Amino acid sequence: MIYLDNAATSFPKPEAVLGGMDAFVRSSAANPGRSGHRRAVEAEAMIEATRRLLAQLFGYPRPERIVFTLNATDALNMAIKGVVRRGDHVITSVLEHNSISRPLNQMEKDGFITLTRLPANGDHLIDPDDVARAFTPQTRLVAVTHASNVTGTIQPVAAFGGIARERGALLLVDASQSAGIVPIDVENDAIDLLAFTGHKALLGPTGTGGLVVGERVVIAPWREGGTGGDSSSPIQPEEFPHRLEGGTPNIFGIAGLREGVKILLERGVESILTHERKMLTTFYSALKDPGRYSWYGADRVIAEKRGEGRVGLVGINLAGFAPTETAAILDEQFDIAVRAGLHCAPYAHKHLGTFPHGTVRLSVGLLTTAEEMREAAAAFDEIAASA
Ligand SMILES: Cc1ncc(COP(=O)(O)O)c(C=O)c1O
């Protein structure tokens, strides 16, 4: 099988990730922080070690303010619902995944907030000047993706962060498609809230993710409960990470995530981005006639003409074939896994003009090889030839 659906979840998981989970499940799998015995202490230590590794990865010196969540959706909901108040104005964009768009749309529909959804330009980028112009005295939050899961475009989040800071608002960045691929420095990029998922480029299992909560952020917990710490307090404690971490965490998942983050720190995130772009370039160069396909977001990854760049995913459509049809042929006849459709980002497809059928998305990962990309290109050429 050739797996080109890493933007959905990375596969295969590195052996170290599987081994790390296996070893942890067999040895210290106790409830962290809940009991004083040695195994519970070991579980707690593993979680804190993972927090420190993530802090290193994201250039953030306060590991206790990195809270574990179920996934990016959980982290984004936690951030949005924790900081936005009635009457606030929020700025977002057409490039967002539904895990940002839906909570904000519902809040707008309920009359709780007002919302500005910024357009993307022809390069699939959000213009920082548009962000600045969208501000009102009520703007509390700018909520944007770092790398689009449809176009792969990397947004200039540091510019958004500077604008938000000048105006006393917060920047929430959805790093689902960038964490582990694009270097992120929460402090230099002026990011207040960074939501990430553990099962994509961080190489961990599903059921893991987190939220980095900057020091300027005042956030209400939306999941309250036991924290294993001071049980006498009648309400959720103020201290991090307990403020946002009610309930027993996914310790098996976090044990795998720890190994994934270690791999990234050892290899360096920049080398992953270089590898991903190389894989896309290999695919493009191996096609007999790239001009016969419609490309969405690939142009600059392949040409690498400008600095903003793209992560290793691309939308590609073939005249005469619905995206779902191409994906089914790739799966059934060539054993190639891709994802077709709207990718949970309908506004992005409206922006591209590919709504409602979407695109075929190829997304590469750390373990994708050049040979696999050449085989995928040959499969596309064969399908195109049959049209
Ligand atoms: C840009 C973006 N945001 C959010 C998510 C949601 O991630 P999760 O399913 O891990 O919650 C995804 C997943 O596809 C995504 O691509």
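Whatever order the structure lists ligands and atoms in, that order sets their numbers, starting from 1. Because the structure is a prediction, the values reported are computed rather than measured.
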Are [X] and [Y] close enough that some pair of their side-chain heavy atoms sits under 4.5 Å apart?
| X | Y | answer |
| --- | --- | --- |
| Pro323 | Asn317 | yes |
| Asp88 | Leu141 | no |
| Gln155 | Val144 | no |
| Leu76 | His97 | no |

For [X] and ligand 1, answer yes if some heavy atom of the residue is under 4.0 Å from a ligand atom, otherwise no.
| X | value |
| --- | --- |
| Ser99 | yes |
| Glu96 | no |
| His343 | no |

Shortest protein contact, [atom] (heavy atom only):
| atom | result |
| --- | --- |
| atom 14 (O) of ligand 1 | Lys200 NZ, 2.6 Å |
| atom 16 (O) of ligand 1 | Gln177 NE2, 2.7 Å |
| atom 10 (O) of ligand 1 | Thr197 OG1, 2.6 Å |
| atom 15 (C) of ligand 1 | His97 CD2, 3.3 Å |
| atom 7 (O) of ligand 1 | Ala72 CB, 3.6 Å |
| atom 3 (N) of ligand 1 | Asp174 OD2, 2.6 Å |

Under 4.0 Å between a side-chain nitrogen and a carboxylate oxygen: does that hold for Asp22 and Arg26?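 Counted as a salt bridge, because a side-chain N and a carboxylate O are separated by less than 4.0 Å.
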Nearest-option assignment for atom 6 (C) of ligand 1, heavy atoms, candidates Leu70, Val150, Thr73: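 Checking each option, the heavy atom nearest atom 6 (C) of ligand 1 is found in Thr73.
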Polar-atom distance check: Ser176 versus ligand 1, any N or O pair below 3.5 Å?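 Min N/O separation from ligand 1 is below 3.5 Å for Ser176.
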Any donor and acceptor pair, going by atom type alone, linking the side chain of Asp192 with main-chain N or O of Leu171 inside 3.5 Å?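 Present.
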Backbone N/O of Gly246 and side chain of Glu224: donor-acceptor pair under 3.5 Å: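 No, Glu224 side chain to Gly246 backbone: no donor-acceptor pair under 3.5 Å.
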The test is ring pair (Phe, Tyr, Trp, His ring centres under 6.0 Å); show your working for His349 and His357 and say whether it passes. CA-CA 9 Å; His349 284 282; His357 300 298; over 10 Å; no
